[in-house]
Amino acid sequence: MSNCLFCKIAAGEIPSSKVYEDENVYAFKDIHPKAPTHVLVIPRKHVATLADCDDPALLGTLMDRVRHIADAVLGLAGGYRVIINVREGGGQEVYHLHIHILGGRKLPF
Ligand code: 5GP
Ligand code: ZN
């Protein structure tokens, strides 16, 4: 998607603070962090929302990478929160599927 913000970030066309990348996934710091650690994990492939993703293997890869990034890259073995906002009712602002990893302090519900 040529006009998608997160496609451009994954392609390196827009700068970001990268924390991890591989052939399927790109992860970077959220520009407006809601916790001491706030990272977004995205597929390189453009998928607008979780509701639009009909690729179980991709979802499995994303969650596996979230687990790896949180523990091995971000040092959040003590615990963290994973959030996916879905469409307008879920508060989604950027329409490229992304998984929030939040950690670094005790999170309220
Ligand atoms: P959503 O509300 O769609 O689940 O979350 C979108 C997230 O993307 C927000 O937390 C917002 O701060 C973050 N964000 C929006 N634009 C940019 C950007 O240009 N760079 C980075 N690193 N994060 C962004
Ligand atoms: Zn995209």
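We count ligands from 1, going down the list as the structure has it; atoms in each ligand are counted the same way.
- Residue contacts with ligand 1: Gly91 is included, with a non-hydrogen atom under 4.0 Å away.
- Taking atom 6 (C) of ligand 1 as the reference point, the nearest protein heavy-atom neighbour is His98 NE2, 3.5 Å.
- Counted within 6.0 Å of CD on Glu13, heavy atoms from surrounding residues, nucleotides or ligands total more than 12; the atom is thus considered enclosed.
- Salt bridge status for Arg44 with Asp22: absent, with no side-chain N to carboxylate O gap under 4.0 Å.
- Linking Ile, Leu, Val, Met, Phe, Trp and Tyr residues whenever their side-chain heavy atoms come within less than 4.5 Å leaves Val94 and Val66 in two separate clusters.
- Between the SG atom of Cys7 and the SG atom of Cys4, the angle centred on the Zn ion (ligand 2) amounts to 120° when rounded to 10°.
- Atoms of ligand 1 lying under 4.0 Å from any heavy atom of Asn85, numbered from 1 in the order shown and given with element: 1 (P), 2 (O), 4 (O).
- Residues Leu40 and Val86 do not share a hydrophobic cluster, defined by chaining ILVMFWY side chains whose heavy atoms lie under 4.5 Å apart.
- Looking only at N/O/S atoms, His96 comes nearest to the Zn ion (ligand 2) through ND1.
- Numbered from 1 in the order shown, with element, the atoms of ligand 1 that lie under 4.0 Å from a heavy atom of Lys34 read 10 (O).
- Rounded to the nearest 0.5 Å, atoms NE2 (His46) and CG (Asn3) are 8.0 Å apart.
- Of the protein's non-hydrogen atoms, the one nearest atom 10 (O) of ligand 1 is Asp30 OD2, 2.5 Å.
- Taking the six-membered ring for Trp and the full ring otherwise, Tyr20 and His68 have centroids separated by under 6.0 Å.
- If you number the atoms of ligand 1 from 1 as listed, the ones under 4.0 Å from a heavy atom of Glu93 come out as 1 (P), 2 (O), 3 (O).
- Following chains of ILVMFWY side-chain contacts shorter than 4.5 Å, one cannot reach Val73 starting from Leu102, and the two form parts of different hydrophobic clusters.
- Given atom 19 (O) of ligand 1, the protein heavy atom at minimum distance is Leu5 CD2, 3.8 Å.
- Ligand-side atoms of ligand 1 in range of Phe6: 8 (O), range being under 4.0 angstrom from any heavy atom.
- Checked by atom type and distance alone, the side chain of Gln92 pairs as donor or acceptor with a backbone atom of Ala48 at under 3.5 Å.
- For His46, the N/O/S atom at the shortest distance from the Zn ion (ligand 2) is named ND1.
- With respect to atom 15 (C) of ligand 1, the closest heavy atom belonging to the protein is Val94 CG2, 4.2 Å.
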Checklist entry - Are Tyr26 and Ile9 close enough, and set up right, to give a side chain to side chain contact (heavy atoms under 4.5 Å, CB included), and what steps lead you there? => result CA-CA 9 Å; Tyr26 187 84; Ile9 284 178; 3.7 Å; yes

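- Under a 4.0 Å criterion applied to the non-hydrogen atoms of Phe28, ligand 1 contributes the atoms 21 (C), 22 (N).
- Counting atoms of ligand 1 from 1 in the listed order, those under 4.0 Å from a heavy atom of His32 are 12 (O).
- Nearest protein heavy-atom neighbour of atom 17 (C) of ligand 1: Ile31 CG2, 3.8 Å.
- In this structure, His98 has its ring center closer than 6.0 angstrom to the ring center of His100.
- Scanning all protein heavy atoms for the shortest distance to atom 22 (N) of ligand 1 gives Lys29 O, 2.9 Å.
- In this model, no donor atom of one side chain and acceptor atom of the other lie less than 3.5 Å apart for Asp64 and Thr61.
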Next on the checklist: side chain to side chain contact (heavy atoms under 4.5 Å, CB included), that's the test. Do Leu97 and Leu59 meet it? Break it down for me.
Outcome noted: CA-CA 10 Å; Leu97 173 60; Leu59 293 176; 4.2 Å; yes

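- Considering backbone and side-chain N/O atoms, His100 comes within less than 3.5 Å of an N/O atom of ligand 1.
- With a 4.0 Å cut-off on non-hydrogen atoms, Ile83 does not touch ligand 1 at all.
- The closest approach between any non-hydrogen atom of Tyr95 and ligand 1 is not below 4.0 Å.
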